[in-house]
There are 4 protein chains.
Amino acid sequence: MEAIIQAAAQLLTDIGFEGLTTARVAERAGVSVGSLYQYFPNKQGLAAALVDHHAEKFSAAFSQTVEASGHGTLAETVEAMIEVAMAAHPQDPKLYRALNELAPRYRAEKVQEVGSRIAAIIKEQLARHRHEIAPDLDLGDAAALIEILLENVIHRAIERHPVSVSGERAMDQCRRMIMAYLTSGQRHAA
Amino acid sequence: MEAIIQAAAQLLTDIGFEGLTTARVAERAGVSVGSLYQYFPNKQGLAAALVDHHAEKFSAAFSQTVEASGHGTLAETVEAMIEVAMAAHPQDPKLYRALNELAPRYRAEKVQEVGSRIAAIIKEQLARHRHEIAPDLDLGDAAALIEILLENVIHRAIERHPVSVSGERAMDQCRRMIMAYLTSGQRHAA
Amino acid sequence: MEAIIQAAAQLLTDIGFEGLTTARVAERAGVSVGSLYQYFPNKQGLAAALVDHHAEKFSAAFSQTVEASGHGTLAETVEAMIEVAMAAHPQDPKLYRALNELAPRYRAEKVQEVGSRIAAIIKEQLARHRHEIAPDLDLGDAAALIEILLENVIHRAIERHPVSVSGERAMDQCRRMIMAYLTSGQRHAA
Amino acid sequence: MEAIIQAAAQLLTDIGFEGLTTARVAERAGVSVGSLYQYFPNKQGLAAALVDHHAEKFSAAFSQTVEASGHGTLAETVEAMIEVAMAAHPQDPKLYRALNELAPRYRAEKVQEVGSRIAAIIKEQLARHRHEIAPDLDLGDAAALIEILLENVIHRAIERHPVSVSGERAMDQCRRMIMAYLTSGQRHAA
DNA sequence: GATGAATGAGTTTTCATTCAT
DNA sequence: TATGAATGAAAACTCATTCAT
């Protein structure tokens with residue numbers, strides 16, 4: 001039931017993972033607990049479905065937008081990736097936080113899978129600009145690093161962590177770091 | 001009681017946070033539940049103490065080693081920071097994961113505080129090499145970004161996430177990214 | 001659940017309030033603890049329901065009988081009130097005692113409310129015989145005093161307190177006191 | 001230890017019987033729990049001592065004052081008894097309430113004993129005025145009834161029960177009832 | 001004697017899950 | 001298929017009491 005997942009997400013936003021009980025989810029969804037168990041094998045299953053739902057949502061948004069906007073220069077592509085990554089995350093910090101609590105616990109593989117997907121998309125984009133990128137740079141490594149950076153700069157921003165460069169500046173710095181990394185030669189190796 | 005924290009860490013490693021009950025911690029520590037509650041106000045308090053313990057351990061290791069090794073070039077300093085960050089994390093993935101589950105839930109402020117501390121240390125080191133760094137780069141922003149990158153590249157490595165550049169290569173890339181970022185000029189701005 | 005209240009009353013009679021645990025009540029009622037908590041918010045709620053149950057029972061018995069038998073002389077009416085007050089109390093001293101322990105703790109308002117109700121009924125009866133009562137006597141004051149006297153003479157009788165006039169004599173004296181009070185003039189004022 | 005009983009009484013006043021733990025009593029008394037158990041066999045013993053302490057205090061105050069002031073008329077004697085009964089009760093409603101919770105639970109016999117003592121004193125006083133009292137009245141019965149009335153009118157007043165005649169009026173009515181009872185002949189018998 | 005850390009049985013309460021209707 | 005009352009294992013936490021120092 002779609003409604004059940006919606007209800008779970010709402011409750012996650014409203015009261016967090018602590019108070020998320022099957023009874024409350026069912027009530028909010030307007031069905032009985034019994035019905036909930038008709039659609040999900042157990043609470044873990046519900047949590048997994050919820051994580052999957054949002055992971056897919058993010059993944060789809062990211063891939064669509066990045067692929068759609070993929071015609072400009074390398075700089076423009078990087079810019080686009082940063083923007084869509086920001087936009088595609090749940091903007092409500094409470095929901096974001098709760099999902100981050102759920103995800104590694106109930107759906108570690110999914111998290112990895114989506115991470116891989118995002119990295120693959122980034123790699124594809126980088127490949128389209130191979131000539132602008134330092135030739136000795138492995139695109140897989142680069143994509144991985146960029147994915148990590150993107151995800152976690154955004155994480156900090158959403159959590160309003162004091163150690164973060166906020167808003168616009170954060171994105172500027174992020175872009176700068178990525179561009180410098182992609183275009184610099186080997187000269188800095190130890 | 002030191003023994004209780006040790007027991008809690010052990011259980012965290014062995015069975016994860018799910019099964020962490022006050023009774024089990026007390027049993028493992030060889031004391032009674034009552035004694036546990038004599039030293040910690042409640043379960044949260046125990047979790048917080050556990051998080052603090054490891055956070056302090058990491059923070060101390062990082063600051064000591066970085067400050068001790070602070071005499072070389074910028075590249076050497078960055079190298080040192082990467083190495084110590086890697087070395088100072090709990091190497092057991094299970095314990096690492098469990099602490100990462102506990103930390104934001106029971107000790108969000110501590111997490112932020114330690115993050116700030118690490119960033120401050122990084123900034124100090126960067127300041128010592130101001131002349132080697134692009135003059136238009138804000139050192140605070142740079143330190144924040146480096147801290148995020150370091151923490152999460154290591155996170156991925158410990159979690160054996162497929163989207164990560166493992167071991168040596170990861171560190172190479174990380175260093176490359178940081179060095180490129182620090183030494184490149186503005187030319188890449190959009 | 002009616003059965004749960006019955007079980008609680010039984011346990012109160014058998015083992016007193018000290019050993020009254022939710023688990024035991026549930027067991028005695030033949031249901032699970034979970035069911036108990038489906039019907040009562042917590043232990044206090046159960047205690048309150050129990051007190052209310054008996055308070056209402058007493059209140060109803062008193063008001064019905066007194067109002068039904070309200071046709072005789074003042075002396076007969078007083079007689080009736082004494083008799084019904086005696087008859088309507090829980091006759092098992094253990095239950096009576098336990099309820100008296102519970103009532104002020106968990107349902108002070110209810111106790112007062114029922115007291116007020118009884119007093120109001122008494123006042124009504126007195127009003128019906130206004131001409132037989134000393135004209136300078138405030139009927140509200142008189143009803144209050146009579147209610148206190150009735151309740152506590154019965155209390156002593158049930159508790160088998162040595163300072164009490166037992167059984168028939170107690171009632172005789174009680175009636176005598178009430179009648180003397182109601183019909184005497186002011187002459188005794190200090 | 002006198003200090004322990006004082007501490008228990010204070011805690012009873014401050015936080016009620018619910019939160020009265022041996023540890024808190026010991027702390028408030030400035031001794032260790034161990035010492036508490038040196039002077040009292042267990043918690044019940046402490047409670048019993050506390051009840052006894054206050055019961056004796058009341059009993060002594062009542063008997064002394066009544067016996068001291070026993071020279072006037074019957075009306076004056078009754079007046080004196082009412083006054084001293086009021087004055088000798090713990091005036092803090094919280095302490096009064098808490099003691100009333102403790103007394104029947106831990107010291108039923110003491111309660112009865114003190115009741116008997118008070119009744120005996122009253123009877124003695126009545127005997128001194130035998131000629132003013134209806135000759136067919138049993139002085140034991142009369143003392144018992146008066147004791148009940150006194151105790152519970154005061155009880156209501158302290159509890160601020162709505163069914164009570166407050167302050168001065170309460171005492172006036174009480175006196176009137178007692179005097180009417182003592183001096184009226186049999187004529188009111190049913 | 002005095003101390004107070006240690007004990008652990010016992011309480012209340014929650015909540016995922018089942019199953020008769 | 002949907003319901004939701006019933007279940008009961010499990011958890012957190014308390015506190016009277018002991019006893020080694």
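Keep in mind the model is a prediction, meaning the values are calculated, not measured. Chain letters run A, B, ... following the sequence lines, proteins first and then strands; every chain starts at 1.
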With sugar-phosphate meaning primed atoms plus P, OP1 and OP2, does [X] contact a base, only sugar-phosphate, or nothing at under 4.0 Å between heavy atoms?
X        : result
Met1(D)  : nothing
Ser35(B) : base
Leu20(A) : sugar-phosphate

Between [atom2] of [N] and [atom1] of [X], the distance in whole Å:
X        : N       : atom1 : atom2 : answer
Lys43(A) : dT18(E) : NZ    : C1'   : 17 Å
Glu2(B)  : dA5(E)  : CD    : C1'   : 18 Å
Tyr37(A) : dG4(F)  : OH    : P     : 16 Å
Gln38(B) : dA6(E)  : CD    : P     : 6 Å
Glu27(B) : dA12(F) : CD    : C1'   : 16 Å

Indicate whether OP1 or OP2 belonging to [N] is found under 4.0 Å from a side-chain N or O atom of [X].
X        : N       : answer
Ser32(C) : dT7(F)  : yes
Thr22(A) : dA16(E) : yes
Tyr39(C) : dA6(F)  : yes
Arg24(C) : dT11(E) : yes

Worksheet item: Under a 3.5 Å cut-off for both distances, is dA20(E) Watson-Crick or wobble paired, and to whom?
Response: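 dA20(E) is paired with dT3(F).
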Worksheet, complete the sentence: Taking a pair to mean Watson-Crick or G-U wobble geometry with both distances below 3.5 Å, dT12(E) pairs with dA11(F)
Worksheet item: Parallel, tilted or perpendicular: which describes the rings of Phe17(A) and Tyr106(A), with under 30° parallel and over 60° perpendicular?
Response: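 Perpendicular, since the angle between the ring planes exceeds 60°.
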Fill in: Passing candidate, side chain to side chain donor-acceptor pair (under 3.5 Å) with Tyr96(D), options His155(D), Glu101(D), Gln91(D), Glu159(D)
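Exactly one candidate clears the test, His155(D).
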Worksheet item: How do Glu18(C) and Val31(B) order along DNA chain E: which one's closest nucleotide is nearer the 5' end?
Response: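 The residue mapped nearer the 5' terminus is Val31(B).
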Worksheet item: With no hydrogens and no angle check, do the side chains of Gln6(C) and Glu2(C) hold a donor and an acceptor under 3.5 Å apart?
Response: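 Glu2(C) and Gln6(C) do have a side-chain donor-acceptor pair below 3.5 Å.
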Worksheet item: Is Leu12(A) close to Lys94(A) at the side-chain level, that is, under 4.5 Å between some pair of heavy atoms?
Response: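 A side-chain contact under 4.5 Å is absent here.
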